[in-house]
Amino acid sequence: MSVLVIADDLWSRLRDHLLADREERAGFLLARSAGPRLIVRDLVLIPDDQLERGTDSVSVTPPALVDVMNRAVREDMIIVEAHSHPQSWETVRFSDLDDQGQREMVVYLADVMPGRTYGAIVVGQSAVAGRLWHGRRWTPLDHVLVTGPHIELWSGDGSPMTRNSRASVRHSDRYDRQVRAFGQQGQSKIARCRVAVVGEGGIGSIVTVQLAHLGVRDIALIDADRVEESNLNRLAGATPSDVGQLKVDLAEVQFRRVSPVASICSVPEEIRTESALEAAQSADVLFGCVDTDSGRLILNELAVTHAIPYIDCGSGIDAPDGRMSAAGGQVVVWVPGRPCLLCCGEIDRAIAAEELESEDLRAFRRGRGYISGSDTPEPSVISLNGTVASLAVTEFIALLTGFRPANHYTYYDMFNQRVGQRLVKRNPLCFTCSTEGTGDSANVKRYSRIAVPMDLPA
Ligand SMILES: [Zn+2]
Ligand SMILES: [Zn+2]
């Protein structure tokens, strides 16, 4: 699978340039590799005087091409060539001349930039087709994810944006009441969006059930824990006979009951493991429903470095003597360009570092009274979790259907019965924000090999 991820402002600039009029135009995307994704970092739009026009094609002059290649080598970027077929509307595909040009290109690149990935896209009015040259063969582009306060999903095979699932969604009544709210296109986007939910506890289990009813069809469920008796007050759908089962198995069974056609990938692992990180990094939208600072730290870093739209949920109750004095929660929607969770003050780095320590070291330090966090269970109530889960799924709907821009920081105050937004600015010194879109080079997988990485974000 391969996904091209591009911010909405870059995507608009690219389309405005390529589709300015009826003439074919060209440009290059400079991208970083991030697991199955290519994250576009910059554009090089080729002006008309650096194009050579044939009768049925357009190519870039050699000096302009050499400039782009030098820059890609200097900045360790992957080149994706882009050109337009402005006369193609509903569908678009590479022409025979395009095929031939790309065949010659990869032969040339094997010589001057051996071993590097190369990509090509052709852009029509309402469709995109693409492919990647990697490991000496072409792989079709699965889709283009355009990120911003609402996200777009374009098929990568040149078919219309909504074709993949339009038929099956239209012919059933089950989404009729939602189609009346989001339109056919909004419902199709929900069906095509690949989602990962990390944490199948009090909030995550409710988020998961809501996503199943909403029409999500491609989901990864990630949690290493098993159901305990003390979870039965809040774990959606859990019964006494589920005690001892993996939480992801319970979530999968429930998802399947609501949505028999769904593709579900259950990962009974901690988020820091390689398999969990891989499942999470292939999502178009990531839900973080974890109750640890270390889990948030890793998810935040994964989302920011891999440019994955990330919806983080949390709730908390203060009840020092068994009497509530404060309670509430928050939902943070991170998309590229927004302040990360560290900027929002949602992660305690010292507690995260302790949680990441090996069990042996933790036990040793606990014995000597050096553990600052407490191992006493926190209070948790289903109605509060349900409110936060619903706020989070509403932001997901906003991201996909665009009925309004997804909010950055939403809080819920259970005592004063208030939902509001908090304005957060990016910390100019935030290390994690400085690594936005750097992809594989950020090496998030080090968490699977090293207990507490030396370069833990400050
Ligand atoms: Zn062409
Ligand atoms: Zn930040």
Side-chain angles (χ1 to χ4, degrees), residues 14-15 17-29 46 48 51-60 65 80-89 91-106 118-131 138 140-141 147 156-158 286 288 293 296-312 330 332-349 352 408-409 422-438 442 444 455-458:
L14 179 69
R15 285 178 50 83
H17 171 77
L18 293 179
L19 300 168
D21 51 32
R22 312 302 289 267
E23 296 278 2
E24 287 194 17
R25 292 205 151 65
F28 294 93
L29 320 180
I46 303 298
D48 270 8
L51 289 178
E52 289 168 351
R53 290 187 188 282
T55 43
D56 206 16
S57 69
V58 65
S59 59
V60 175
L65 181 61
V80 180
E81 60 164 68
H83 77 285
S84 54
H85 287 179
Q87 317 284 6
S88 296
W89 289 83
T91 63
V92 69
R93 65 181 199 87
F94 290 115
S95 68
D96 293 345
L97 278 171
D98 294 337
D99 292 346
Q100 189 192 327
Q102 286 163 31
R103 272 198 299 273
E104 289 166 10
M105 188 66 181
V106 295
Y118 183 78
I121 60 170
V122 57
V123 177
Q125 299 289 346
S126 310
V128 187
R131 56 192 171 205
W138 288 106
L141 182 66
T147 61
D157 62 358
L286 184 59
D293 288 89
R296 277 211 170 79
L297 185 87
I298 294 171
L299 283 173
N300 184 57
E301 191 176 322
L302 178 74
V304 172
T305 56
H306 287 60
I308 308 169
Y310 169 40
I311 304 177
D312 180 83
Q330 80 287 330
V332 180
V333 181
W334 182 86
V335 292
R338 286 185 172 180
C340 79
L341 285 183
L342 283 161
C343 293
C344 295
E346 292 300 326
I347 300 170
D348 185 318
R349 185 186 176 278
H408 176 234
Y409 191 114
R422 192 185 132 208
L423 187 67
V424 181
K425 289 215 173 84
R426 186 178 260 197
N427 171 3
L429 300 176
C430 176
F431 176 74
T432 297
C433 281
S434 76
T435 61
E436 185 178 307
T438 50
V444 179
D455 58 348
L456 206 62

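Computed over heavy atoms, backbone and side chain alike; hydrogens, waters and symmetry mates excluded. Atoms within each ligand, like the ligands themselves, are counted from 1 in listed order. Throughout, numbering of the chain's residues begins at 1 and tracks the sequence.
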### Query
Can you name the nearest heavy-atom pair linking E24 to H85, along with the distance?
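Scanning both residues, the minimum pair turns out to be OE2-CD2, 3.6 Å.
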### Task
Could you pull out the closest heavy-atom pair between W334 and P339, with the gap in Å?
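What the structure gives for the nearest pair is CD1-O, 3.4 Å.
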### Query
Between R131 and Q102, is any side-chain donor less than 3.5 angstrom from a side-chain acceptor?
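Looking only at side-chain atoms, Q102 and R131 do form a donor-acceptor pair, the distance falling under 3.5 Å.
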### Message
Nearest 0.5 Å, please: how far is OG in S434 from CZ in R426?
### Response
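Nearest 0.5 Å value for the CZ-OG distance: 9.0 Å.
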#### Entry: Atom pair CG/CD1 of L299 and I311 - distance to nearest 0.5 Å
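So the gap between those two atoms works out to 12.5 Å.
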### Query
Quick check: does C344 have an N/O/S atom under 2.8 Å of the Zn ion (ligand 2)?
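No, outside the cut-off.
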### In the protein, N/O/S atoms that are found under 2.8 Å from the Zn ion (ligand 1), waters not counted
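For the Zn ion (ligand 1), the protein N, O and S atoms that sit under 2.8 Å away are H83 NE2, H85 NE2, D98 OD1, D98 OD2.
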### Task
For residues L342 and N427, determine if any side-chain heavy atom of one lies less than 4.5 Å from a side-chain heavy atom of the other.
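The answer is no, as the side chains (C-beta and beyond) never meet within the 4.5 Å cut-off.
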### Task
Considering only NZ, NE, NH1 and NH2 on the basic side and carboxylate oxygens on the acidic side, decide whether D157 and R93 come within less than 4.0 Å.
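Salt bridge flag = no for R93 with D157.
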### Message
Angle at the Zn ion (ligand 2), SG of C433 to SG of C343, rounded to 10 degrees, please.
### Response
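About 100° at the Zn ion (ligand 2).
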### Angle subtended at the Zn ion (ligand 2) by SG of C340 and SG of C430, nearest 10°
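Rounding to the nearest 10 degrees gives 110°.
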